[in-house]
Visitor: 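Before we start, here is the structure in question, set down as structure tokens.
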Amino acid sequence: MSATDRLAQISSQLTSPLKSHREKLLIPHSDDIVITCALRTAHTKGGRGLFKDTPAQDLLAGALRGVIERSNIDPSLVEDITVGSVLPPGGGATEFRAAALVAGFPVSTAVRATNRQCSSGLQAVVDIANAINSGMIEIGVGAGVESMSSQYGPGAVTEFSELLESHPEAKNCKVPMGVLSEKMAKDRKIKREDQDAFAAASYQKALVAQSIGLFDEEIYPLTVKFEDPKTNEIKTITVGKDDGIRPNITAESLGKIKPAFAKDGSIHAGNASQISDGAAAVLLMKRSTAQRLKQPILGKFVAASIVGVAPLLMGIGPWAAIPKVFEKTGLNKEDVDIFEINEAFASQCVWCVNELGLDMRKVNPKGGAIAFGHPLGSTGARQVSTLLTELRRTGGRVGVTSMCVGTGMGMAAVWVAE
Amino acid sequence: MFHYRTQGYNGYAVKYSSFFDNRLACAASANFGLVGNGRLYILGLTPGGIVGEKWFDTQDGLFDLTWSEIHENQLVVASGDGSVKLFDIMVKDSFPIQNWQEHQREVFSVSWNLVDKNTFCSSSWDGTVKIWSPIHPTSLLTLPTNSCTYSSAFSPHSTHLVSCVSSDSFLRIFDLRIPQATPLPPSTAQPVPAKPAIQIHVPGNAELLTHDWNKYRPEVLATGGVDKVIRVFDVRGATGSVSELRGHEYAIRKVCWSPHWAGVLMSGGYDMSIRIWEDGCGGGMGGGMSGGGGRLLGVMDKHTEFVAGLGWCLFGGGGWAASAGWDEGVWVWDANQVVAGMRR
């Protein structure tokens with residue numbers, strides 16, 4: 001009740017009649033959708049990594065258990081869990097429900113699976129936020145999981161019918177990612193050197209981040225069974241670190257790798273996202289609920305956008321989705337402190353960043369999917385914990401997550417860290 | 001026009017008595033309410049002008065007042081030290097007859113229940129609205145807004161509806177009939193706070209500083225604040241404003257619907273002007289119907305500093321009003337003349 005407080009209040013009423021869109025976003029409202037816990041498992045290499053013998057359902061059970069343990073939420077208050085996942089047969093609905101029970105959620109906590117390809121994890125989180133916003137539920141978990149070790153392969157896509165094959169644009173929906181990205185890189189004249197430089201930077205940033213422990217807060221370690229490929233011995237190990245991050249990667253060293261999809265191409269294993277296993281989960285509720293339950297508020301969800309693009313140009317998705325979410329929020333690129341844009345391919349990511357004119361220093365400051373992997377359904381949920389921990393560490397406030405989506409879509413979301 | 005100087009004290013609120021047409025009260029603070037004492041003036045209207053009949057001094061600044069609706073000599077004030085005080089004019093000494101110290105920060109509004117008459121509400125920078133009874137030693141109810149709440153009021157049409165506006169740009173209406181504590185989730189020890197029955201996010205995203213219920217249309221309210229726009233809302237279902245009245249050049253500190261004409265309101269604020277408006281939906285001045293959108297009827301420009309307090313006289317043919325400002329001035333004036341002056 002000091003005079004300076006009173007004076008500050010009156011002068012703010014006089015001098016800033018209209019705040020900027022960014023300032024308005026920073027104002028806490030009791031009906032904000034806030035995040036009180038965001039975590040992920042380590043991401044490990046598909047087929048060879050430390051989770052190669054851990055099915056998706058176990059990864060999910062681990063991540064969900066982590067949410068209960070770290071947030072200390074009474075699990076019976078969680079009304080719904082949405083899990084994004086791309087590859088499991090039947091969408092994974094059955095095993096995800098079972099995994100939630102294993103994690104410690106009671107039968108009263110509902111579960112569903114959702115699939116929007118590479119943005120499934122983000123879609124799951126957004127769906128929970130919207131369900132809270134509409135009043136359907138009060139507290140929910142948005143999650144994502146993928147075991148590419150066990151479920152990645154030709155069987156993941158149903159054969160196209162004659163009807164679908166007869167439609168030229170529809171037919172494009174099943175063109176493999178590598179092939180269409182190679183075509184896009186050629187069409188858009190994305191140079192191999194630029195891709196390799198971007199990819200090498202991802203590795204280098206991730207290596208630094210891992211070595212100084214910047215992922216420790218978001219990673220929930222899991223104890224799993226692992227068959228040693230040399231001795232066939234089955235060991236019990238605890239996995240708390242991404243195993244795809246490698247040292248000594250430079251643009252020059254990547255420049256020596258042969259292109260994977262075309263002889264004269266530019267895309268190879270070193271400048272595309274890694275095939276990985278992993279899971280992530282985000283706990284959401286209204287600010288008023290979080291305050292009542294004394295949950296720590298890490299940040300809030302502001303808005304999301306979804307947009308369709310030509311299937312063969314799926315890589316431009318973030319370029320289309322980010323301006324759309326800016327339009328919804330009134331933000332512009334200068335208002336954003338960190339962009340987490342999924343590195344499906346260095347080619348498409350670097351093209352989007354350049355076309356949008358983003359400051360490269362704000363993009364993926366701890367590296368991305370090229371360095372530590374892209375477990376398809378998990379990535380969108382994973383980006384939330386990666387973004388919020390870094391915003392909080394660096395004192396940033398506003399972040400954007402975005403990714404391109406197979407079959408030609410883009411998705412983006414705006415978050416505010418607190 | 002009549003003038004009274006609240007020397008050394010800057011006016012924050014002025015209200016006509018609901019019992020006597022010649023009595024006013026003004027809540028004022030030294031040093032513009034930033035630091036120092038407060039003073040509650042009881043003013044009389046006489047043929048010779050405005051006379052200071054009595055005053056009460058308080059430790060901290062006073063930001064609002066409301067006359068009791070059950071006792072013609074009593075009134076409640078909102079204080080900067082978080083206290084709410086009940087004064088009786090007939091009491092000889094200068095102390096309040098009741099003092100409630102519950103709010104954690106500056107109390108910025110008090111408003112009597114016009115229907116039930118046995119309760120009043122207060123709102124504070126501490127993010128709560130409290131419901132009180134003059135005969136009860138503690139508050140009856142605390143309603144959370146979690147945001148600095150500049151203005152609260154009982155509906156003049158229902159004894160159960162309390163509204164408030166806050167710096168988070170929400171207009172909230174609480175229905176006191178809705179049970180306050182929903183069943184406790186097992187993990188929470190504290191009671192579940194009441195949820196507003198209606199919660200409207202007012203466009204502009206600016207701090208809201210004032211609001212008032214229309215005296216004739218039970219579902220209509222007006223809000224004003226830092227974005228300089230008066231918005232009239234119909235709370236039945238729709239969340240958009242019915243009309244927007246633009247004209248103030250700085251933040252609006254007070255809006256006040258006429259007790260005589262359903263479509264007329266006045267507003268005042270940091271641009272030192274008081275503006276009289278027709279909202280275009282209800283009865284205009286002099287009883288005629290108005291239509292075709294809101295419009296400015298007139299400007300009262302006698303104040304030479306921020307205008308903070310406004311009040312209509314409840315008696316007579318309608319149009320008499322009082323205003324208080326940081327220029328240490330209380331003006332009593334006829335809105336009919338202000339409007340007529342504008343027409344000429």
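Since the structure is predicted, the reported quantities are computational estimates derived from the model, not experimental observations. In what follows, chains are A, B, ... by sequence order, proteins preceding strands, each numbered from 1.
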Visitor: Heavy-atom count check: over 12 atoms from other residues, nucleotides or ligands less than 6.0 Å from B:Glu244 CD?
Guide: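 Yes, because the 6.0 Å sphere around CD of B:Glu244 holds more than 12 heavy atoms from other groups.
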Visitor: Can you find a heavy atom in the side chain of B:Pro144 that is under 4.5 Å from one in the side chain of A:Gln291?
Guide: no
Visitor: Which bit of B:Asn146 is near chain A, if near means a heavy-atom gap under 4.5 Å: side chain, backbone, both or neither?
Guide: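 The side chain, not the backbone.
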Visitor: Is the number of heavy atoms from other residues, nucleotides or ligands within 6.0 Å of CD (A:Glu418) greater than 12?
Guide: yes
Visitor: For residues A:Ser30 and B:Arg172, determine if any side-chain heavy atom of one lies less than 4.5 Å from a side-chain heavy atom of the other.
Guide: yes
Visitor: Where do A:Ala3 and B:Val35 come nearest, in terms of heavy atoms and distance?
Guide: CB-CB, 3.9 Å
Visitor: Pair B:Leu34, A:Ile10 - check side chain to side chain contact (heavy atoms under 4.5 Å, CB included), show working.
Guide: CA-CA 10 Å; B:Leu34 297 178; A:Ile10 288 160; 4.1 Å; yes
Visitor: In sequence, state the C-alpha distance, the side-chain angles, and the governing distance for A:Gln9 and B:Ser167, and then conclude on side chain to side chain contact (heavy atoms under 4.5 Å, CB included).
Guide: CA-CA 10 Å; A:Gln9 216 144 3; B:Ser167 62; 5.9 Å; no
Visitor: So, taking the atom named NE2 in A:His29 and the one named CZ in B:Phe170, what distance separates them when rounded to the nearest 0.5 Å?
Guide: 6.0 Å
Visitor: Just give me the residue among A:Asn72, A:Thr4, A:Asp31 that pairs up with chain B most often, heavy atom to heavy atom, under 4.5 Å.
Guide: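 Result: the option with the highest number of such pairs is A:Asp31.
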Visitor: Can you say whether B:Phe108 sits under 4.5 Å from chain A via the side chain, the backbone, both, or neither, judging by heavy atoms?
Guide: neither
Visitor: Taking only Lys NZ, Arg NE, NH1 and NH2, and the carboxylate oxygens of Asp or Glu, determine whether A:Arg6 and B:Asp60 approach each other closer than 4.0 Å.
Guide: yes
